[in-house]
Participant: 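Structure below; questions to follow.
Just so you know, these numbers use all the heavy atoms, side chains as well, and skip hydrogens, waters and symmetry mates. Throughout, numbering of the chain's residues begins at 1 and tracks the sequence.
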Amino acid sequence: MPKQLSDSTGTTAQHTTTGSRIWFLWMVGLWMAFFVLLGSDRLEDVATWIRDLPLIVELGVWLVGFPWVLATAVWTSDWSEGLRVTLVVLCAAVWTIVSIPRPKRARQDRRCDA
């Protein structure tokens, strides 16, 4: 059952879970690391390291770090710079927005009074 607090107006406010806050901080931290690596021209080294892993390990890295590995693959591709910038920024923005902690919705008990 979600924790609820009443404010002075009598409405209830629900809190986000600790796990969702930790996930959001993890997401933002990894995007910051991604852009630091990009700015220091080390992203190509990361992409090469991922490609050189054994296939099963590489698949695991893709599964665990999908948005960042995808952005790395896009950035190191042969596509035009404008397209790469657009896709990487879009990927970072969408994954971050989706990860913003939101309060859990309260469940409504549906009981049959028969």
Participant: How many angstroms lie between OG1 in T86 and CD in E81, if you round to the nearest 0.5 Å?
Facilitator: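 It comes to 10.0 Å.
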Participant: Show which residues join L55 in its hydrophobic cluster (side-chain heavy-atom contacts under 4.5 Å, direct or indirect), or state none.
Facilitator: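 For the cluster that includes L55, the remaining residues are L59.
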Participant: Would V36 and V69 show up in the same hydrophobic cluster when neighbours are defined by side-chain heavy atoms closer than 4.5 Å?
Facilitator: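 Different clusters: V36 never reaches V69 through Ile, Leu, Val, Met, Phe, Trp or Tyr contacts under 4.5 Å.
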Participant: When Ile, Leu, Val, Met, Phe, Trp and Tyr are grouped by side-chain heavy atoms lying under 4.5 Å apart, directly or through other members, which residues fall in the same group as V98?
Facilitator: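 Members other than V98 - counting any ILVMFWY side chain reachable under 4.5 Å - are L90, V94.
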Participant: Kindly state each residue pair satisfying side-chain hydrogen bond (donor to acceptor under 3.5 Å, both in side chains) with at least one member in residues 65-79, sequence neighbours excluded.
Facilitator: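 Listed by first then second residue: nothing to list.
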Participant: A quick test of your reading: do over 12 heavy atoms of other residues, nucleotides or ligands sit less than 6.0 Å from CZ of R42?
Facilitator: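 Counting neighbours around CZ of R42, 12 or fewer heavy atoms of other residues, nucleotides or ligands fall under 6.0 Å, so no.
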Participant: Between L70 and V85, is there a shared hydrophobic cluster once you connect ILVMFWY residues whose side-chain heavy atoms come closer than 4.5 Å?
Facilitator: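 Yes, L70 connects to V85 through the hydrophobic network.
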Participant: Would you say F35 and I97 are hydrophobically clustered, going by side-chain heavy atoms of ILVMFWY under 4.5 Å?
Facilitator: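 The answer is no; the residues belong to distinct hydrophobic clusters.
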Participant: Could you label the plane-to-plane angle of the F34 and W31 rings as parallel, tilted or perpendicular, counting under 30° as parallel and over 60° as perpendicular?
Facilitator: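 F34 vs W31 ring planes: perpendicular.
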Participant: Could you state the interatomic distance from OG1 (T18) to CD1 (I22), rounded to the nearest 0.5 Å?
Facilitator: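 Answer for the OG1-CD1 pair, T18 versus I22, is 6.0 Å.
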Participant: What distance do D45 atom CG and I50 atom CD1 have between them, rounded to the nearest 0.5 Å?
Facilitator: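 So the gap between those two atoms works out to 11.0 Å.
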Participant: Test: side-chain hydrogen bond (donor to acceptor under 3.5 Å, both in side chains). Region: residues 90-102. Which pairs qualify, not counting sequence neighbours?
Facilitator: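 Matches after skipping sequence neighbours: W23-S99.
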Participant: Kindly give the heavy-atom pair with the smallest separation between E44 and R51, and that separation in Å.
Facilitator: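 Heavy-atom minimum between the residues: OE2-NH2, 3.5 Å.
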Participant: Could you report the tightest heavy-atom contact between C91 and P67, atom names first, then the distance?
Facilitator: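 Closest approach of C91 to P67: SG-O, 3.8 Å.
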Participant: Just to verify, what does R21 make a side chain to side chain donor-acceptor pair (under 3.5 Å) with, not counting sequence neighbours?
Facilitator: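 Counting only residues at least two positions away or on another chain, R21 forms a side chain to side chain donor-acceptor pair (under 3.5 Å) with T16.
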Participant: Test question: given the 4.5 Å side-chain rule for I, L, V, M, F, W and Y, name all other residues clustered with F24, or answer none.
Facilitator: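 Other cluster members: V28, M32, I100.
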